[in-house]
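Structure, as structure tokens:
Only this structure's heavy atoms are used, side chains among them; waters, hydrogens and symmetry mates stay out.
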Amino acid sequence: MKDTTKFNIFDIIGKDNKELMHSQIISHLLHTRPKFREIFIKGNEYNQPPKLEVSYTKKEKNKTLRCRIDIELKSDDEKAILFIENKFKSFPEDDQLVNYNKIFKEEFTKDIKLVKYLFCFDKTLYNLKNDSWKIYDYEDFLKYLETDIINFKPGDEKILIQHYILFLKKYIDQYKKLETNCSHLYKKGRELNKDDKFWLKLLNSKIALLFKEKIHDQINFNINPGNTATPLLNIIPTKWKEKFGEDLLIQFQVNKLSFYLHSSNKEKAKELVEFCDKHLWSENLKLKKVTKRKVKSCYIFTTSITDHLSDNFKLDDIINLLVDFYNNINDKIVKNYNNTSKK
């Protein structure tokens with residue numbers, strides 16, 4: 001299907017990268033297209049109309065697990081339930097899906113048939129130990145739509161789906177291009193627009209998944225916190241805090257890569273900066289100048305990723321740089337540091 005016009009409904013209304021909008025399209029097809037159900041959910045027992053954004057919780061000793069399912073379908077007797085998690089703006093970590101399973105186990109009895117699907121940009125990223133989730137990517141969805149569009153009757157619905165096909169193809173093509181060359185997104189001083197931020201957020205969640213495959217230490221990730229205007233990824237190794245008694249992490253934000261301390265203890269920051277000054281491995285690393293100003297966190301040293309990469313780099317190059325950055329900090333600083341290092 002060729003794009004014969006620059007006009008697209010989804011571009012005009014500005015909802016093209018909103019997950020709810022995509023869930024609404026999927027929900028509509030589930031409700032109205034028997035063939036779509038046959039291909040994707042392998043069953044027609046889910047006769048109740050789809051529900052969007054259904055929430056469940058499970059209380060544990062020290063926390064409450066929460067999940068909000070994008071699409072839920074039930075059979076008439078509610079003995080069969082289908083969940084669809086639609087991730088257009090991110091890739092969920094395995095732990096998120098495992099937590100969802102814990103919630104479902106608490107919420108539903110064993111006699112209820114639960115079927116779970118994940119839609120995302122790249123199903124090849126998932127080699128889940130928890131294989132109870134069926135993974136589709138948006139290219140699977142696009143191929144179905146391109147095949148089935150001839151079966152839509154002429155009218156508003158067909159026009160809507162035609163526009164959706166063209167818009168979805170644009171996003172999939174861009175995702176594939178960024179895998180082989182994403183350097184333009186990370187240029188120093190680049191003024192980010194809405195589309196840039198969308199792709200940086202998506203790539204941050206992909207980087208976290210692939211980083212975890214390469215580093216087998218216990219690591220937590222804080223991916224694109226909601227109050228941050230510029231997308232960022234925090235990589236938080238558990239053992240670093242165990243050794244230092246403070247939150248130490250790697251922060252990756254567009255072009256900037258930093259070794260970070262979350263603490264208001266200025267003496268600790270000064271001590272760590274002085275220690276790192278003797279253990280830096282590259283001239284491109286810039287040390288923090290500790291001032292008297294009160295802060296709750298600060299970088300210890302920082303660098304620009306473009307000082308370490310060629311002009312046209314791909315996502316794998318960024319991941320390898322982050323892995324090297326982590327290994328150097330771990331081997332040269334964390335393992336050699338102790339609380340009496342300043343003496």
Show me the side-chain donor-acceptor pairs of residues 26-40 shorter than 3.5 Å, one per line, residues at least two apart or across chains.
unit_1: H28; atom_1: NE2; unit_2: E157; atom_2: OE2; d: 2.7
unit_1: T32; atom_1: OG1; unit_2: H28; atom_2: O; d: 2.8
unit_1: R33; atom_1: NE; unit_2: D148; atom_2: OD2; d: 3.4
unit_1: R33; atom_1: NH2; unit_2: D148; atom_2: OD2; d: 3.1
unit_1: R37; atom_1: NE; unit_2: L30; atom_2: O; d: 2.4
unit_1: R37; atom_1: NH1; unit_2: Y46; atom_2: O; d: 2.5
unit_1: R37; atom_1: NH2; unit_2: L30; atom_2: O; d: 3.2
unit_1: R37; atom_1: NH2; unit_2: Y46; atom_2: O; d: 3.1

Counting only pairs under 3.5 Å, give me each side-chain donor-acceptor contact of residues 319-328, with atom names and distances, residues two or more places apart or in other chains.
unit_1: N320; atom_1: ND2; unit_2: D316; atom_2: O; d: 3.2
unit_1: Y326; atom_1: OH; unit_2: D217; atom_2: OD2; d: 2.5
unit_1: N327; atom_1: ND2; unit_2: V323; atom_2: O; d: 3.3
unit_1: N328; atom_1: OD1; unit_2: K332; atom_2: NZ; d: 2.7
unit_1: N328; atom_1: ND2; unit_2: D324; atom_2: O; d: 3.0

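Under a hydrophobic-cluster definition in which Ile, Leu, Val, Met, Phe, Trp and Tyr are linked whenever side-chain heavy atoms come within less than 4.5 Å, directly or via other members, L232 and L315 are assigned to different clusters. Linking ILVMFWY residues whenever their side-chain heavy atoms come closer than 4.5 Å, directly or via other members, leaves I236 and L261 in distinct clusters. The same ILVMFWY cluster, assembled from side-chain heavy atoms under 4.5 Å apart, contains both W133 and V115. Note on L192 and L202: same hydrophobic cluster, where clusters join Ile, Leu, Val, Met, Phe, Trp and Tyr whose side-chain heavy atoms are under 4.5 Å apart, directly or indirectly. Clustering ILVMFWY residues whenever any of their side-chain heavy atoms sit less than 4.5 angstrom apart, transitively, puts Y260 in a cluster other than the one holding I223.
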Legend entry - Stepwise side-chain contact (heavy atoms from CB on, under 4.5 Å) test for Y126 and L209: CA-CA 9 Å; Y126 292 93; L209 284 176; 3.7 Å; yes
Inset, instruction - In sequence, state the C-alpha distance, the side-chain angles, and the governing distance for F119 and K87, and then conclude on side-chain contact (heavy atoms from CB on, under 4.5 Å). - result: CA-CA 6 Å; F119 279 72; K87 288 293 184 182; over 6 Å; no
Inset, instruction - Determine, stepwise, if the pair E107 / K105 fulfils salt bridge (charged side-chain N to carboxylate O under 4.0 Å, His left out). - result: CA-CA 6 Å; E107 185 73 23; K105 186 177 181 180; over 6 Å; no
Legend entry - Full working for side chain to side chain donor-acceptor pair (under 3.5 Å) between W240 and D247: CA-CA 7 Å; W240 290 4; D247 283 324; over 6 Å; no
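If you check the side chains of E72 and Y56, you find a donor sitting under 3.5 Å from an acceptor. Under 3.5 Å, the side chains of N181 and S183 contain a donor-acceptor pair of N or O atoms. At a cut-off of 3.5 Å, with distance as the only test, no side-chain donor of S90 or S205 sits close to an acceptor on the other residue. In the model, N101 has a side-chain atom that pairs as donor or acceptor with a side-chain atom of K116 under 3.5 Å. S263 and E246 share a donor-acceptor pair across their side chains, judged by distance under 3.5 Å alone.
Side-chain contact between L145 and I161: present, with at least one pair of heavy atoms (C-beta onward) separated by less than 4.5 Å. K113 has its side chain within reach of E45: a pair of non-hydrogen atoms, C-beta onward, lies under 4.5 Å apart. Considering only heavy atoms from C-beta on, E242 comes within 4.5 Å of T238 through its side chain. At a threshold of 4.5 Å between non-hydrogen side-chain atoms, the residues N204 and F221 do not count as touching. You'll find the side chain of F313 reaches within 4.5 Å of the side chain of I318, heavy atoms only. Contact of the L20 side chain with the E53 side chain is registered, since non-hydrogen atoms from C-beta on lie closer than 4.5 Å. A 4.5 Å side-chain heavy-atom check between I103 and T57 finds every atom pair outside the cut-off. Looking at heavy atoms from C-beta onward, L65 lies out of side-chain contact with Y100 at the 4.5 angstrom threshold.
Between L185 and V254 the shortest heavy-atom distance is O-CG1, 3.6 Å. For I165 against I149, the heavy-atom pair with the smallest separation is CD1-CB, 4.1 Å. Residues P231 and Q253 approach most closely at O-CG, 3.3 Å, considering heavy atoms. Here the closest non-hydrogen pair linking N8 and H163 is ND2-O, 2.9 Å. Shown here for T303 and H308, the closest heavy-atom pair between the two residues is OG1-NE2, 2.8 Å. Looking at every heavy atom in both residues, H216 comes nearest to E213 through CE1-O, 3.0 Å.
Counting heavy-atom neighbours within 6.0 Å of K74 NZ, excluding the residue itself, gives a total above 12. When the shell of 6.0 Å around CG of D111 is examined, it contains more than 12 heavy atoms from other residues, nucleotides or ligands. Within a 6.0 Å radius of CD in E283, no more than 12 heavy atoms belonging to other residues, nucleotides or ligands are found. In this structure, K239 places its NZ atom where more than 12 heavy-atom neighbours from other residues, nucleotides or ligands lie under 6.0 Å away. The environment of CG in D311 is sparse: at most 12 heavy-atom neighbours from other residues, nucleotides or ligands sit within 6.0 Å. Residue D156 qualifies as open at atom CG: its count of foreign heavy atoms under 6.0 Å is 12 or below.
Between K169 and D173, at least one side-chain nitrogen of the basic residue sits less than 4.0 Å from a carboxylate oxygen of the acidic one, meeting the salt-bridge criterion. One finds a salt bridge joining D95 and K212 here, because a Lys/Arg side-chain nitrogen approaches an Asp/Glu carboxylate oxygen to under 4.0 Å. K206 has a carboxylate O that lies under 4.0 Å from a charged side-chain N of E179, or vice versa, which qualifies the two as a salt bridge.
With hydrogens and angles disregarded, no donor-acceptor distance shorter than 3.5 Å links the side chain of E85 to the backbone of Y117. A donor-acceptor pair under 3.5 Å links the side-chain atoms of S282 to the main chain of N284, judged by distance alone. Distance alone, capped at 3.5 Å, places no donor-acceptor pair between the Y138 side chain and the D122 backbone. T302 contributes a side-chain N or O that, together with a main-chain N or O of L257, makes up a donor-acceptor pair within less than 3.5 Å. In this structure, the side chain of T147 engages the main chain of K143 through a donor-acceptor pair within 3.5 Å. Remark: side-chain polar atoms of K314 are not paired, donor with acceptor, to backbone N or O of C182 under 3.5 angstrom. Panel note: side chain S75, backbone A80; a donor-acceptor pair is recorded below 3.5 Å. A donor-acceptor pair under 3.5 Å is formed between the side chain of E19 and the backbone N or O of K89. Under a 3.5 Å cut-off, the side chain of D140 and the backbone N or O of D137 do form a donor-acceptor pair. In this structure a side-chain-to-backbone donor-acceptor pair under 3.5 Å is present from R190 to H184.
A centroid separation of less than 6.0 Å is found between the aromatic rings of W281 and F301. Taking the six-membered ring where the residue is Trp, the centroids of F141 and H22 are separated by 6.0 Å or more.
Taking the ring axis of Y337 as reference, the NZ or CZ atom of K335 does not stay both within 45° of it and closer than 6.0 Å to the ring centre.
Once rounded to the nearest 0.5 Å, the distance linking CD1 of I300 with CD of E271 reads 10.5 Å.
Residues meeting the ring pair (Phe, Tyr, Trp, His ring centres under 6.0 Å) test with F152, sequence neighbours left out: none.
Below 30°, between 30° and 60°, or above 60°: for F198 and Y171 the angle between ring planes is above 60°, a perpendicular geometry. Between F83 and F108, the ring planes are tilted. Angles from 30° to 60° get that label. Between F121 and F91, the two ring planes are perpendicular [angle over 60°; tilted spans 30° to 60°].
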